[in-house]
Protein chains: 2
Amino acid sequence: MNKEPASVSAYDTAYPRIAMTVDCIIFSFDGNELKVLLLHEPDRPNDQWSLTGKFASDEEELDDVACRVLQQHTGIESAWVEQLRTFIHPRPAGKVLTVAYCALINSKDQQLQLSGSLLQWHSVRELQFTEFGHKDLVSYCYKWLQKRIQEHPLGFNLLPEKFSLREMQNLYEAVLETRLDRRNFRKKFFAMDLLVDTGEYENDVPHRPGKLYTFNFRKYEECKPNGTGITFL
Amino acid sequence: MNKEPASVSAYDTAYPRIAMTVDCIIFSFDGNELKVLLLHEPDRPNDQWSLTGKFASDEEELDDVACRVLQQHTGIESAWVEQLRTFIHPRPAGKVLTVAYCALINSKDQQLQLSGSLLQWHSVRELQFTEFGHKDLVSYCYKWLQKRIQEHPLGFNLLPEKFSLREMQNLYEAVLETRLDRRNFRKKFFAMDLLVDTGEYENDVPHRPGKLYTFNFRKYEECKPNGTGITFL
DNA sequence: ACAAAAGTGTTCGTGGTACACCCATGT
DNA sequence: ACATGGGTGTACCACGAACACTTTTGT
């Protein structure tokens, strides 16, 4: 934070002013695959997909802008949202500073608000083989999420309020692109002691129904910080 | 990324333009304590310390701006620098978007360039008990560093090119504010197999000199990514 | 009856933690 | 000789990984 000019009027002109967008990389899980929400502008060429986002001023907190982007496109009022990274992005009309956010929602409880543009869920796996403008950013965010979801129980944000352990495991297997042992997975989650047994069971399943759990957000908030032993990757 | 106006001239006025700074939280280690570099403007009240930083345009990569901030204040041409977080910061002359960076340098090899303003190293421990403008940001960055340094061997960036294991352990103990077992610490670092024995020894020490090592940056770059097992904090 | 997934314990190996003695150097 | 930190190995414990059978429900 360097010297500032003496007067406000000088300030207006002394420093460059730039345009800024807040973009959201919105993930959801359909039971099989991790999906990311992309939009297609009607006046653009086909198969040109971009992220949801909006231009912003300095009058609003960045987190609030990100929530508003999410709200406008999905109708969701509150969700897990976290700032990812900021970078300068060349655009047709000039360079823009973009603050990227990652959002996790559960798509089942919500309806997309289409709002003129075409919104569509895309498989994250498939996007690896597609070229599009924000491919690198989505990949970056996906890797970040893979790491983050192993350090914090974020998976709950991608599931309905009540979920079975099978759904949870499918989610982790999809996000981490691996297979996990069912017994060890259960053991781990029960040991965390953040699951609340609702007493209810799945229905609509063509086999023995599993128990439904909810996530104890309050308890999680209380017992976050630890971390003593040095452990490199 | 929403619709853009049809013409570039419309673009100039259609979206708000804001001022941006890139600020660096610069850490070093003096052998005992973790320090952070703060500057004091001559025309400000006493004991008003702020971070190093500069206003920036959209013409330069953010990482490059951060490096230039570092270079201007410390004379260091290349160092470990990582983007931390972006936020909107109220200033006397209006709101400013600030992109915060964390930098790690070893102060022994370098001389500070004082450049008119007063630059001074401050103990991170002591700052916990001081009120100043960027206190929260420094605390945030410090916590972030504590976590980051346990996942990646970043400590090397705070030490001279050749260092003893004692120096390294002092560093980790200072950053993590804890005591570590010497034998286990050595075992861990040797197991990583990223230390290169230089064959040289400390001098200037009033006791048996320790071996000096260098860090194998190349090997580290090659073997970064792993991470399979789910492990919450 | 059959298919499909739910639910449940034990063993083994790895890796972290705790701990004490002799060695090399400078004063 | 003495003080100071350098250098080394072993035993215990916790946690993650591997692994198979019985139970419940729907068709």
Side-chain angles (χ1 to χ4, degrees), chain A residues 31-32 146-147 149-153 159 162-174 176-214 223 226-233, chain B residues 31-32 147 149-151 153 159 162-174 176-214 223 226-233:
Chain A
N32 282 307
Q146 287 183 320
K147 181 163 174 269
I149 206 174
Q150 290 182 68
E151 295 168 344
H152 297 275
L159 293 177
K162 298 174 183 177
F163 52 87
S164 69
L165 273 179
R166 159 67 45 188
E167 292 177 288
M168 181 63 86
Q169 184 174 343
N170 285 344
L171 166 58
Y172 272 81
E173 289 183 341
L176 301 177
E177 291 177 294
T178 183
R179 304 303 306 258
L180 300 170
D181 180 87
R182 186 153 46 99
R183 278 170 292 189
N184 294 336
F185 187 82
R186 301 176 139 260
K187 224 184 306 174
K188 187 135 207 170
F189 269 80
F190 287 133
M192 285 170 34
D193 201 29
L194 291 169
L195 295 179
V196 184
D197 188 338
T198 62
E200 297 173 54
Y201 289 84
E202 294 178 299
N203 45 12
D204 323 338
V205 286
H207 58 271
R208 175 176 175 181
K211 277 192 179 180
L212 294 177
Y213 298 88
T214 56
C223 66
N226 278 323
T228 31
I230 302 177
T231 315
F232 302 115
L233 283 186
Chain B
N32 282 306
K147 180 165 176 266
I149 205 174
Q150 291 183 68
E151 295 169 344
L159 294 175
K162 298 175 183 175
F163 52 88
S164 69
L165 274 179
R166 160 66 48 185
E167 293 177 288
M168 180 64 87
Q169 185 174 341
N170 286 343
L171 166 59
Y172 271 82
E173 289 182 343
L176 301 177
E177 291 178 293
T178 183
R179 305 303 306 260
L180 300 170
D181 180 88
R182 187 153 46 98
R183 278 172 291 191
N184 295 335
F185 186 81
R186 303 176 137 261
K187 224 184 307 174
K188 187 136 205 169
F189 269 81
F190 288 133
M192 284 170 33
D193 202 29
L194 291 169
L195 295 179
V196 184
D197 188 338
T198 62
E200 298 173 53
Y201 289 85
E202 293 178 299
N203 44 12
D204 325 337
V205 286
H207 58 272
R208 173 176 176 180
K211 279 192 178 181
L212 294 177
Y213 298 88
T214 56
C223 65
N226 277 325
T228 30
I230 303 177
T231 315
F232 302 116
L233 285 186

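Quick caveat: nothing in here was measured; it's all calculated off a predicted structure. In the text below, chain A, chain B and the rest are named by the order of the sequence lines, each starting its count at 1.
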Can you say whether a donor on the side chain of Lys187(B) sits under 3.5 Å from an acceptor on the base of dT10(D), or the other way round?
yes
Which sits closer to the 5' end of DNA chain D, Glu202(B) or Asn184(B), going by the nucleotide each is nearest to?
Glu202(B)
May I ask you to say what Arg186(B) touches in the nucleic acid, namely base, sugar-phosphate or nothing, with a heavy-atom cut-off under 4.0 Å?
base
Would you state whether a donor and an acceptor, one from the side chain of Arg208(B) and one from the base of dG7(D), lie under 3.5 Å apart?
no
Short side-chain N/O contact to dA6(C) OP1/OP2 from Arg166(A), under 4.0 Å:
yes
d(CG, Leu180(A); P, dA18(D)) in whole Å:
10 Å
Could you check whether the side chain of Arg183(A) and the base of dA20(D) have a donor-acceptor pair of N or O atoms closer than 3.5 Å, going by distance alone?
yes
Quick check against the 3.5 Å criterion: does Glu200(B) have a side-chain atom that pairs as donor or acceptor with the backbone of Leu212(B)?
no
Nucleotide nearest Pro209(A) (side chain, heavy atoms from C-beta), chosen from dA18(C), dT25(D), dT8(D)
dT25(D)
Specify the separation, in whole Å, of atom OH of Tyr201(A) and atom P of dA6(C).
13 Å
Check: Gln150(A)/Gln146(A) side-chain N/O donor and acceptor closer than 3.5 Å:
no
Please give, in whole Å, the distance from dT8(C) P to Phe190(A) CZ?
7 Å
Carboxylate-amine/guanidinium proximity below 4.0 Å for Lys147(A) and Glu151(B):
yes
From CZ of Arg182(A) across to C1' of dA5(C) the rounded distance in Å is 7 Å
What about the rings of Phe190(B) and Phe185(B), do their centers lie closer together than 6.0 Å?
no
Starting from P on dG6(D), measure out to CG on Leu165(B) and report it in whole angstrom.
9 Å
